[in-house]
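Note sheet for the following structure.
Remember, it's 1-based here, ligands and their atoms both numbered in the order they're listed. Along the sequence shown, the residues carry numbers beginning at 1.
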Amino acid sequence: MTVRAFRGEILSVPHDPLTNSEAIRHDPDGLLLVEDGIIVARGAYADLAPLYPNVPVETLPGLIVPGFIDAHIHYPQMDRIASHGEQLLDWLDRHIFPAEKAFADRAHADQIAGLFLDELLRNGTTSALVFPTVHAHSVDALFEAALARNMRITSGKVLMDLGPEGLADTPDSGRTESEALIRHWRGKGRLGYAVTPRFALTSSDEQLHVAGQLLADHPDVLMHTHLAENERECAEVAARFPDAADYLDAYDRFGLVGDRSVFAHGIHLSHRACARMQESGAGIAVCPTSNLFLGSGFFDFTRAAQHGLKIGLGTDVGAGTSFSMLHTAGVAYQAGLMRGHRLDPFRALYLATAGSAALLHIEDKVGGLLPGQEADFIVLDPAATPLLARRTAGADLAERLFALQILGDDRAIAGTYVMGARTGRT
Ligand code: GUN
Ligand code: ZN
């Protein structure tokens, strides 16, 4: 058995501060005791240290928080981040689909998968819900690379039978390949599967029906797709599904809306759709840098709170402009203000950790830094840059956290630990 102890300032937000007054857990001088990668005790150093006199203690300078959980990101788009000039549909055609076609080559997929996961770790992200491509082996490449790094990653072959030439599957191949991947990867490492129709416009009714059947046949998998992101997309969905009450309803008709469904964006939602989301337990991965980059709009945090919607935070790279969940949290605050909402820094940390974990149904495993959970954590350096050092000197916890979100990025990640083991990044 490997036992490790980490001493430092520990902060986590295992519950939503909007609805839970005890949501914030803060140990100014804390101890985290880890046995075989699992947290077995957490509390004040002065209380806990005498109970474990023989365990060597590693002192970590900085702020220890849970590893970030990115609730929506595309690994094949890593090298197309910062592609100029278009909104969603033209951006897909001009920049993204050509890049995804290159994943027909397994060696290319392997190479990008490794680079992608290392970039996540460098940014303090230890878990993610990831879009690969339509190619089944793009999932194998990602999962193999995740296993090698012991990361908690959920993904699933993209279903897109109406996709462009070179990127289209069929309802049959989509079903067979998804079934085979689910069978092959179930129970391996820290991996999870998500049935992943790209969005309503790239799947036929027949394929959306297949997606619903896959979910019904495999109650342990997630459903992951895009929803109500960009105005032109929404108009095209309304034209394609004239009988649907709204965009969400187009998915609902095929059994794709349930408490294991994760929808990226959800900017342009009707009240009916919000009520249906709430009733079903489906969640939204809010992706503020992407929403700004593609001119899609601003997520309505106030409306989401009124409806009690389950939300988490995603970068949505390559439409997102940063792998950093710190930076993404800072932009979420600014996007919130555009619609009159003041996102609290502790709630932003919740969304980037336990909130995303709840969307991914892994909240019992990670995100709260609580005993019984896996010891995925990072060390934030509030003095990572000269400006951060000046702004955080003498500041209280809320101010330091907010400054890290507004001014911080990968430079502020002093260390990333996966199941208690420091990763290669630092
Ligand atoms: N909608 C359908 N595909 C995509 C994608 O790759 N990125 C984003 N942001 N939205 C999408
Ligand atoms: Zn996306």
With the Zn ion (ligand 2) as the centre, enumerate protein N/O/S atoms below 2.8 Å in chain and residue order.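 Near the Zn ion (ligand 2), the protein supplies H72 NE2, H74 NE2, H226 NE2, D316 OD1.
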
Against ligand 1, does Q77 come closer than 4.0 Å with any heavy atom?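 Judged by the 4.0 Å heavy-atom criterion, Q77 does count as contacting ligand 1.
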
Charged N-O contact under 4.0 Å between [X] and [Y]:
| X | Y | value |
| --- | --- | --- |
| R198 | E100 | yes |
| K157 | D169 | yes |
| D16 | K310 | no |
| R400 | D396 | no |
| R175 | E179 | no |

Per-atom contacts of ligand 1 with [X], taking only distances under 4.0 Å to non-hydrogen atoms:
| X | value |
| --- | --- |
| H74 | 5 (C), 6 (O), 7 (N) |
| D316 | 8 (C), 9 (N) |
| L92 | 2 (C), 3 (N), 4 (C), 5 (C), 6 (O) |
| H265 | 9 (N) |

Is it true that, when you exclude [X] itself, more than 12 heavy atoms of the residues, nucleotides or ligands shown sit nearer than 6.0 Å to its [atom1]?
| X | atom1 | result |
| --- | --- | --- |
| R390 | CZ | no |
| R260 | CZ | yes |
| H184 | NE2 | yes |
| H209 | NE2 | no |

Should the proximity of [X] to ligand 1, defined as any heavy atom under 4.0 Å, be assigned to the side chain, the backbone, both, or neither?
| X | answer |
| --- | --- |
| E229 | side chain |
| L201 | neither |
| W91 | side chain |
| T202 | neither |

Protein residue, atom and distance nearest to atom 3 (N) of ligand 1, heavy-atom basis: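 Residue, atom and distance for the closest contact: R198 NE, 2.9 Å.
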
I'd like to know if the side chain of H224 and the backbone of F263 have a donor-acceptor N/O pair within less than 3.5 Å.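 Pair absent, no side-chain N/O of H224 close to backbone of F263.
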
Picking from R190, R422, K365, what satisfies salt bridge (charged side-chain N to carboxylate O under 4.0 Å, His left out) with D376?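 For D376, the salt bridge (charged side-chain N to carboxylate O under 4.0 Å, His left out) check succeeds only for R190.
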
Would you check whether E100 has a nitrogen or oxygen atom less than 3.5 angstrom from a nitrogen or oxygen atom of ligand 1?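 In this structure, E100 places no N or O atom under 3.5 Å from an N or O of ligand 1.
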
